[in-house]
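To keep things clear, I will list the structure first and then write my remarks on it.
Small disclaimer: the values here were computed from a predicted structure and weren't measured.
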Amino acid sequence: MKTIGIIIGSEDEAISKNYYQKHKKKFGCLNELIETFDYIPYDYALYAEAKAFEKKYNVNVIPLDGRNIDIKSCNLCYSIFCLYEGGYNFLNDGLDAYNHYMNVIKKTKAKVYPSPKMQEFILYKKRYMQYLEKKGFNLIDTHYIPIKSYKQNKGRVIDKIDKFIKDNNYEKVILKPEFSAFNRGVKKYKNPSKYLIQKYLDNISKKTEYKNLLLQPFLDDFNKFWEVKTFWLLGKNIFSYGQKWNKNGEGYFTKPVSKGGKLNDSVVKECLKIGKKVIKDIFKDKEILIECRIDFGCCIPNSTKKFKYFINEIEISPVVGQTDSHKEYFHLFGEAIVKHCSI
């Protein structure tokens, strides 16, 4: 019998109490993994959903601790699926923890999904953004800032940033660290000056372990329109939803109009057309993804194109919640993981 290991360990996006009560039997396997059933993080829930398909696919599904991953446990597995991926290690425990995690999943005898190479391709955003750009997809204008280069020659890097801002007449900009999530390290500036940018870079370079930053124009329209988030399982769109942010930086959501929400169905339709092309290219050029989320933002500055949405982000082990869809779908994720990992 094949053993499938699922890497878990987050504290994010707990499932609803109603969902737990409705499917309580499935979650018995979490007795020794969580402290309370009042808060079940999404990755633990997906592990339980996957485990429920053991009999159907004649496999053994086991949990692997993402924060304490070791080669011995991984080598017990035929395959491994990473719900808790390397980005979590970096955010929670730093660069050494990230490097350890990546070294283990690179050295294990087990098949790893997504592959370490694919995880790095997505985590290092510059790589996949340049890939998408070459493929002709709409992206926001981005200037990449290596922290190593900044430490070696601050004046030169600051001058390049200043030139990027002035050449494009950007009155507002946003700086985002690579490997960041949940808006950590993100900074917005109105009328950015060399002094402000340098102050930010000095702080980031001294107090964090980020290796690269992305500098982009800050779009006033971004939060006026819904950011469209599209979820995919093995290349098929499962659902899509819209997200905005309130004054406190908290996200709130809506469904497409056809599902009872406020998100324009025609916008979703166009985003899905683009998403299908992205999925097709990645499957052809890189590897098949069990799960994927492609996010679209609006609007591209000074664009003459009719459809002004752009690809804002790609996640291949995305956090999944239950406020986003008009129907239950966790079991679909669970089965997709087991089905593909048992091949």
Side-chain angles (χ1 to χ4, degrees), residues 1-10 12 41-54 56-90 98 100-124 127-128 131 181 230-238 275 278-294 313-320 329-343:
M1 181 181 291
K2 295 175 180 176
T3 295
I4 298 172
I6 299 183
I7 303 180
I8 57 177
S10 89
D12 293 328
Y42 81 96
D43 51 332
Y44 288 81
L46 289 180
Y47 158 72
E49 294 282 1
K51 195 167 179 64
F53 287 96
E54 284 181 321
K56 180 175 179 178
Y57 290 94
N58 190 32
V59 296
N60 180 35
V61 178
I62 65 170
L64 296 173
D65 183 356
R67 298 186 78 164
N68 298 285
I69 198 77
D70 66 272
I71 193 71
K72 185 178 179 180
S73 298
C74 289
N75 281 344
L76 295 174
C77 302
Y78 168 77
S79 61
I80 294 169
F81 186 74
C82 307
L83 284 171
Y84 186 98
E85 41 79 43
Y88 265 119
N89 290 88
F90 180 85
Y98 166 78
H100 170 73
Y101 176 98
M102 295 305 297
N103 285 335
V104 170
I105 65 172
K106 285 178 179 179
K107 291 178 179 178
T108 181
K109 298 175 183 177
K111 299 179 181 178
V112 178
Y113 304 97
S115 69
K117 187 176 181 180
M118 190 68 199
Q119 289 189 43
E120 289 176 331
F121 176 70
I122 295 297
L123 284 169
Y124 289 94
R127 298 181 187 180
Y128 82 74
Y131 167 81
T230 64
F231 271 85
W232 308 77
L233 277 181
L234 293 171
K236 180 182 178 182
N237 177 247
I238 300 301
V278 172
I279 293 288
K280 183 179 179 181
D281 282 340
I282 289 177
F283 279 24
K284 179 183 176 182
D285 298 335
K286 305 296 179 181
E287 65 183 60
I288 293 173
L289 299 174
I290 296 176
E291 60 175 3
C292 177
R293 194 192 76 221
I294 306 174
E313 190 171 27
I314 295 179
E315 297 281 354
I316 55 174
S317 292
V319 174
V320 291
Y329 61 88
F330 267 43
H331 63 291
L332 300 178
F333 277 71
E335 183 167 17
I337 290 168
V338 174
K339 183 178 181 179
H340 194 74
C341 289
S342 62
I343 297 174

As an exercise, state the distance from [atom1] of [X] to [atom2] of [Y], rounded to the nearest 0.5 Å.
X	Y	atom1	atom2	answer
I290	F81	CD1	CZ	4.5 Å
E287	I282	CD	CD1	9.5 Å
I69	M102	CD1	CE	12.0 Å
L64	T108	CG	OG1	9.0 Å
Y57	H340	OH	NE2	12.5 Å
L46	F330	CG	CZ	5.0 Å

Which heavy-atom pair separates [X] from [Y] by the least distance, and what is that distance?
X	Y	value
A50	V61	O-CG2, 4.1 Å
I7	G66	CG2-CA, 3.4 Å
I279	G235	CG2-CA, 3.8 Å
N237	F231	ND2-O, 2.9 Å
A336	L234	CB-CD1, 4.3 Å
I62	Y47	C-CE1, 3.6 Å

Could you tell me whether the side chain of [X] and the main chain of [Y] form a donor-acceptor pair under 3.5 Å?
X	Y	result
N89	R67	no
D43	S10	yes
T230	I294	yes
K2	S79	no
S342	K339	yes
Y113	I337	no
Q119	E85	no

Using a strict threshold of under 4.0 Å (side-chain N to carboxylate O), is an ion pair present between E54 and K51? yes

I'd like to know if E335 pairs up with K56 as an ion pair, taking the criterion as any Lys NZ or Arg NE/NH1/NH2 lying under 4.0 Å from an Asp or Glu carboxylate oxygen. yes

Take V319 and Y42, measure what side-chain contact (heavy atoms from CB on, under 4.5 Å) needs, and give me the verdict at the end. CA-CA 7 Å; V319 174; Y42 81 96; 3.9 Å; yes

Under a 4.5 Å cut-off applied to non-hydrogen side-chain atoms, are D12 and P41 in contact? no

Side-chain touch F333/E291, heavy atoms, less than 4.5 angstrom: yes

Apply side-chain contact (heavy atoms from CB on, under 4.5 Å) to residues Y78 and M1 and explain how you reach the verdict. CA-CA 9 Å; Y78 168 77; M1 181 181 291; over 6 Å; no

Please say whether the positively charged group of K286, taken as NZ for Lys or CZ for Arg, lies over the ring of Y131, i.e. under 6.0 angstrom from the six-membered ring centre and within 45 degrees of the axis. yes

Test log, rule side-chain contact (heavy atoms from CB on, under 4.5 Å), inputs T3 and L76: CA-CA 7 Å; T3 295; L76 295 174; 5.6 Å; no

Determine, stepwise, if the pair Y98 / L123 fulfils side-chain contact (heavy atoms from CB on, under 4.5 Å). CA-CA 11 Å; Y98 166 78; L123 284 169; 3.9 Å; yes

